[in-house]
Structures are given as structure tokens and as C-alpha cells.
Enquirer: 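Can you read through this structure? Questions will come right after.
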Amino acid sequence: TRMANRGEAIFALNVLMEVMERYDFVTATLRETRGGPPPVVVVEGADRQIRSHRVAVVSAIYRNDAPVLLLQLRPGDQLKMLRPTDAGEVMYIEATGR
């Protein structure tokens, strides 16, 4: 078994989101990650509200255009996440950081 590359992950998620008519991103600043279980990201939104989101076990996570593990994200990273699924979990995260 191998990890999907970015293009494959984006294609699969795009098809899923189009079929579900639920293509909706959240942008926020990462405050911290928690390894779990369940794994969690704690973020601060533009409205200055702090929120936590569970991260799906099978998820696509990228930092500066490279696939990474959740715990490789850094506080202060700017995140773009697909809104949580019906199960309340984030399945796709794009992070931009220094």
C-alpha cells in the first residue's frame, strides 16, 4: 500500500465533494495539533474564535505543497481545510508555513 500523491488525493476529494454538493473550505491559523486518538487540530479563525476539529484517520495533509503527517504541521501555519464531514472530521488540509 502506498500513500496517494497530491494529484490523486485532490482528484478523489474533488469527485466526492462534487457528488455530495459540499465543496466548502475553512481557512484558519493553526494553534496546535494533538495526536489523539482522535487526532485534532486547534485553529483560530478570522473571527478570532478558537475551534478544534477531529482529523480523519485517512486524510490528505500537505505543508508547503509536500505531503506530511499531521504532527509535522506547525503553530502559525495558515490552513485551508475542507469543512468537516457529516462524521465531524476534516479529511483534507493544505498548510502554508515558514
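This is a predicted model, so every value here is computed, not measured.
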Enquirer: Output the distance between atom CG (L79) and atom OH (Y92), rounded to the nearest 0.5 Å.
Expert: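 With rounding to 0.5 Å, CG (L79) is 11.5 Å from OH (Y92).
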
Enquirer: Can you tell me how far the CD1 atom of I61 sits from the CE atom of M91, to the nearest 0.5 Å?
Expert: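 Going from CD1 on I61 over to CE on M91, the span is 11.0 Å.
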
Enquirer: Looking at CD of E94 and CG of N64, how far apart are the two atoms once the value is rounded to the nearest 0.5 Å?
Expert: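 Those atoms lie 11.0 Å apart.
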
Enquirer: Report yes or no: do L30 and V68 belong to one cluster of Ile/Leu/Val/Met/Phe/Trp/Tyr joined by side chain heavy-atom distances under 4.5 Å?
Expert: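 Linked, L30 and V68 end up in one cluster.
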
Enquirer: Measuring from atom CG of L82 to atom CZ of F25, what distance do you get when rounded to the nearest 0.5 angstrom?
Expert: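 With rounding to 0.5 Å, CG (L82) is 4.0 Å from CZ (F25).
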
Enquirer: Could you pull out the closest heavy-atom pair between L70 and P39, with the gap in Å?
Expert: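 Reported closest heavy-atom pair: CD2-CB, 3.5 Å.
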
Enquirer: Please tell me if the side chains of V43 and H53 come closer than 4.5 Å, counting only heavy atoms from C-beta onward.
Expert: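 Side chain of V43 against side chain of H53, heavy atoms only: contact under 4.5 Å found.
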
Enquirer: Judged by modelled atom types alone, do Q78 and T27 share a side-chain donor-acceptor pair under 3.5 Å?
Expert: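 No, T27 and Q78 have no side-chain donor paired with an acceptor closer than 3.5 Å.
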
Enquirer: In Å, rounded to the nearest 0.5 Å, how long is the span from OG1 of T29 to CG of D77?
Expert: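 If I round to the nearest 0.5 Å, the distance is 9.0 Å.
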
Enquirer: Tell me which pairs pass side-chain hydrogen bond (donor to acceptor under 3.5 Å, both in side chains) where either residue lies in residues 33-48, with sequence neighbours left out.
Expert: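 Residue pairs with at least one partner in residues 33-48: R31-E44, E32-R34, E44-R48, D47-R51.
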
Enquirer: Just wondering, do M81 and V55 contact through their side chains at under 4.5 Å, heavy atoms?
Expert: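 No. Closest side-chain heavy atoms not under 4.5 Å.
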
Enquirer: If every non-hydrogen atom of S52 is compared with every non-hydrogen atom of V40, which pair is closest and at what distance?
Expert: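 For S52 versus V40, the nearest heavy atoms are CB-CG1, 3.7 Å.
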
Enquirer: Of all heavy-atom pairs between E8 and N5, which one has the smallest distance, and what is that distance?
Expert: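 Distance-wise, the nearest heavy atoms are N-OD1, 2.8 Å.
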
Enquirer: So, the side chain of Y62 versus the backbone of R6: is there a donor-acceptor pair under 3.5 Å, distance only?
Expert: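 Checking the backbone N and O of R6 against the side chain of Y62, a donor-acceptor pair under 3.5 Å is found.
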
Enquirer: Specify the closest pair of heavy atoms between R98 and R63, including all atoms of both residues, with the distance to one decimal.
Expert: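 Shortest heavy-atom separation between R98 and R63 comes out as O-NH2, 3.2 Å.
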
